[in-house]
Amino acid sequence: MIIAVDGPAAAGKGTIARALAQHFGYHFLDTGSLYRMVGLSLLRDGKTPHDEAAAVENARSLDVSRFCDADLRTEAVGAAASIVAVNPQVRAALLDFQRVFAQQSPGAVLDGRDIGTVVCPDADAKLYITASPEVRARRRQAELGAASYGDVLADIRARDARDSTRATAPLVAAADAVVIDTSDMDIDQAVAAAIAVVGRAAG
Ligand code: CDP
């Protein structure tokens, strides 16, 4: 059983995907963390995320055990992730790991941007989680603490634009995805809606 959960930044997909994995007893992979690891490696090495050769090299030799979650979650690392994620060779280098992860028994939930379209186009259930940019900026601001609302909103809009317009694996709902707009939902309502969709697919 493979469940694909895609959508833009801070729409709630990470929380929903984790809750789905817990509810159904499946493995969980936050695929954005892979791109964040590549972005963070470059920043730590004093390189710009626009250094394509270094990004590809980093993606090919990624050691996932080297990174801790707190460092990965900053907005600077999110922005760097979305810059390296434009490069098709970076994406190709991370593809096998994601596909192997998805094959685990009894099932796996993967969240990202291209899970239902590219990584696992044959997933058993596909969810596309979205919300208005303003709602997403408020959530991300609360999650990050200090940052200003205006800065967070600008960053989210820039990341949406970059993720949606890139040539390789752009952010888009798969034709067979169920769209859940969480703008007016709290997290319990969003999780319940997602469980209902997956329950139908599993049954
Ligand atoms: O948590 P948030 O939604 O802010 O971001 P994330 O899921 O950690 O992803 C960070 C960046 O990685 C995104 O803006 C995308 O550019 C990229 N990404 C991607 O291209 N493909 C994926 N499957 C997951 C993330």
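The structure displayed is predicted, hence computed values, not measured ones. First listed ligand is number 1; within each ligand, the first listed atom is number 1.
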| note | The answer, listing residues by chain and number that come under 4.0 Å of ligand 1 through any heavy atom, is Ala9, Ala10, Lys13, Thr31, Gly32, Tyr35, Arg36, Arg73, Ala81, Ser82, Ala85, Arg91, Gly112, Arg113, Asp114, Arg140, Arg159, Asp163, Arg166
Quick one: does any side-chain atom of [X] pair with a main-chain N or O of [Y] as donor and acceptor, under 3.5 Å?
X      : Y      : result
Asp6   : Tyr128 : no
Ser183 : Ser132 : yes
Lys13  : Arg113 : no

| request: Tell me yes or no: between the side chains of Thr182 and Arg139, is some donor less than 3.5 Å from an acceptor? | output: yes
| note | Residues pairing under side-chain hydrogen bond (donor to acceptor under 3.5 Å, both in side chains) where one sits in residues 16-43, two or more places apart or in two chains, turn out to be Tyr35-Arg91
| query | Does Ile2 reach the side chain of Gln103, with side-chain heavy atoms less than 4.5 Å apart? | reply | yes
